[in-house]
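What follows is a short report on a single structure.
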Amino acid sequence: MRRLLPLLTLLVPLAAAGQSLDGDTHALAQQLLRQTPDQMADLGQGVVVPLWRGHDGRLLMLKADAQPSIPVRQGDAPLTFQAVDAGSVVSSTLQYGLDPNLQIHAGVSEHNWISRGPRVIGSEIGATYNLGRYSVGLSVGADSTPDQRLPRVLPGATPGVNGLPDFDSSAQLNARGRVAVGGQSGIDLGASVGRIRLLPGNVLGINTLDQKALSFGVDHGPLSGTLIGRTMQPALPGGFYGDKRWSSIDLGVTLRLPWQGELSIGAQNLWSSGSSVPTPSGPEPDQSRTPYVQYHQDL
């Protein structure tokens with residue numbers, strides 16, 4: 001008993017300090033919960049892993065994402081994949097915030113078809129300046145098909161990119177802009193200028209195509225819509241279609257559902273002009289009107 005008295009005497013100050021610390025910790029936790037982070041980034045779907053954050057607002061993060069391929073893509077929409085050949089897109093992006101308003105990013109992606117066809121490997125590097133209500137971004141991107149070395153032999157042998165089964169690679173300059181209208185609405189604008197390279201021996205008889213794309217998107221709460229226009233023409237005159245120009249408009253509407261699902265409805269080549277003349281291997285490029293309905297569920 002005599003040994004317990006000194007021990008209890010030592011524990012009384014510690015218990016009092018523990019009660020004081022518990023109260024301060026609770027208040028500190030409540031204060032942290034009420035605080036607004038220095039920088040908010042709308043990363044969409046995917047997994048985000050913060051790697052480093054500085055006291056001045058600089059932030060380094062890694063984002064990994066896997067989702068189905070949506071025929072009508074957001075933003076600049078430099079490339080389009082046929083709805084009937086829809087597959088999945090896996091992407092990884094490294095993002096670094098230089099300050100609360102300026103962010104740079106570099107990422108890679110892989111597009112795979114459900115049944116067949118070559119992979120399309122993409123890469124992009126760019127920067128975004130965000131002022132809250134307004135944001136603007138510029139990026140440079142490239143896409144290639146490392147598994148495809150020869151053009152198709154039979155009609156429909158491989159899925160196509162931009163309606164071109166003989167697609168080999170592309171490079172483009174992209175611009176994006178967004179204006180927030182109220183708390184749950186916004187307007188997105190995008191533009192892309194680039195060049196597409198075709199496999200040798202293609203039906204068109206040309207090596208490269210110049211492409212331009214413009215997009216206009218509106219979103220309000222869980223509902224969003226995108227209208228995209230594209231134009232392709234030979235980079236140099238000559239070949240079977242040296243003076244041809246192919247234009248098309250895509251339209252898509254997406255509804256985000258309360259149970260983390262997405263329903264997309266739209267049509268590719270809702271309007272098109274400059275349809276190519278049929279050849280022994282089929283039309284080049286394919287501009288047939290294709291309605292689609294897609295559902296995506298996050299697990």
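In what follows, residues are counted from 1 in the order of the sequence shown.
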Evaluation steps, side-chain contact (heavy atoms from CB on, under 4.5 Å), between Thr226 and Ile228: CA-CA 6 Å; Thr226 305; Ile228 300 174; 3.6 Å; yes
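- To the nearest 0.5 Å, the span separating CD on Gln268 from CZ on Arg230 amounts to 8.0 Å.
- Salt bridge status for Arg178 with Asp219: present, with a side-chain N to carboxylate O gap under 4.0 Å.
- Leu131 is connected to Leu102 through a chain of hydrophobic side-chain contacts under 4.5 Å among Ile, Leu, Val, Met, Phe, Trp and Tyr, so both are in one cluster.
- Separation of atoms NE2 (His296) and CG (Leu263) is listed at 12.5 Å; rounding is to 0.5 Å.
- With hydrogens and angles ignored, the 3.5 Å screen pairs no side-chain donor or acceptor of Gln211 with any backbone N or O of Ser192.
- Residues Leu223 and Val218 are not in side-chain contact: their nearest non-hydrogen atoms beyond the backbone lie 4.5 Å or more apart.
- Taken to the nearest 0.5 Å, the OG1 atom of Thr128 stands 5.5 Å off from the NE2 atom of His105.
- When all heavy atoms of Trp246 and Pro234 are compared, the pair lying nearest together is CZ3-CD, 4.1 Å.
- Follow the hydrophobic side-chain contacts under 4.5 Å out from Leu98 and you never reach Ile125; the two are in separate clusters.
- Linking Ile, Leu, Val, Met, Phe, Trp and Tyr residues whenever their side-chain heavy atoms come within less than 4.5 Å places Tyr96 and Val136 in a single cluster.
- Side-chain heavy atoms closer than 4.5 Å link hydrophobic residues (I, L, V, M, F, W, Y) into clusters, and following such links, even through other members, never connects Val193 to Ile196.
- Rounded to the nearest 0.5 Å, atoms CG (Asn207) and CG (Asp166) are 11.5 Å apart.
- Atom OG of Ser144 sits about 8.0 Å away from atom CG of Asp168, to the nearest 0.5 Å.
- Side-chain N or O atoms of Thr290 include one that pairs as donor or acceptor with a backbone N or O of Ser288 at under 3.5 Å.
- To the nearest 0.5 Å, the span separating OG1 on Thr231 from CG on Leu209 amounts to 12.0 Å.
- Ser139 and Glu124 share a donor-acceptor pair across their side chains, judged by distance under 3.5 Å alone.
- Note on Leu94: it clusters hydrophobically with Ile104, by side-chain heavy-atom contacts below 4.5 Å among ILVMFWY residues.
- Residues Gln260 and Gln297 share a closest heavy-atom pair of O-NE2, 3.2 Å.
- Residues Ala235 and Asp210 share a closest heavy-atom pair of CA-OD2, 3.6 Å.
- Between Arg119 and Pro146, some side-chain heavy-atom pair lies under the 4.5 Å cut-off.
- The minimum heavy-atom distance between Leu164 and Pro285, with the atom names listed, is CD2-CB, 3.5 Å.
- The closest donor-acceptor contact from the side chain of Arg176 to the backbone of Ser135 lies at 3.5 Å or more, if one exists at all.
- Distance alone, capped at 3.5 Å, places no donor-acceptor pair between the Ser92 side chain and the Val108 backbone.
- A donor atom on one side chain and an acceptor atom on the other are found under 3.5 Å apart for Gln172 and Ser170.
- Counting all heavy atoms, side chain and backbone alike, Asn269 lies closest to Ser248 at OD1-CB, 3.2 Å.
- Of all non-hydrogen atoms in Gly261 and Tyr295, the two that sit nearest each other are CA-OH, 4.1 Å.
- At least one donor-acceptor pair under 3.5 Å links the side chain of Asn162 to the backbone N or O of Thr80.
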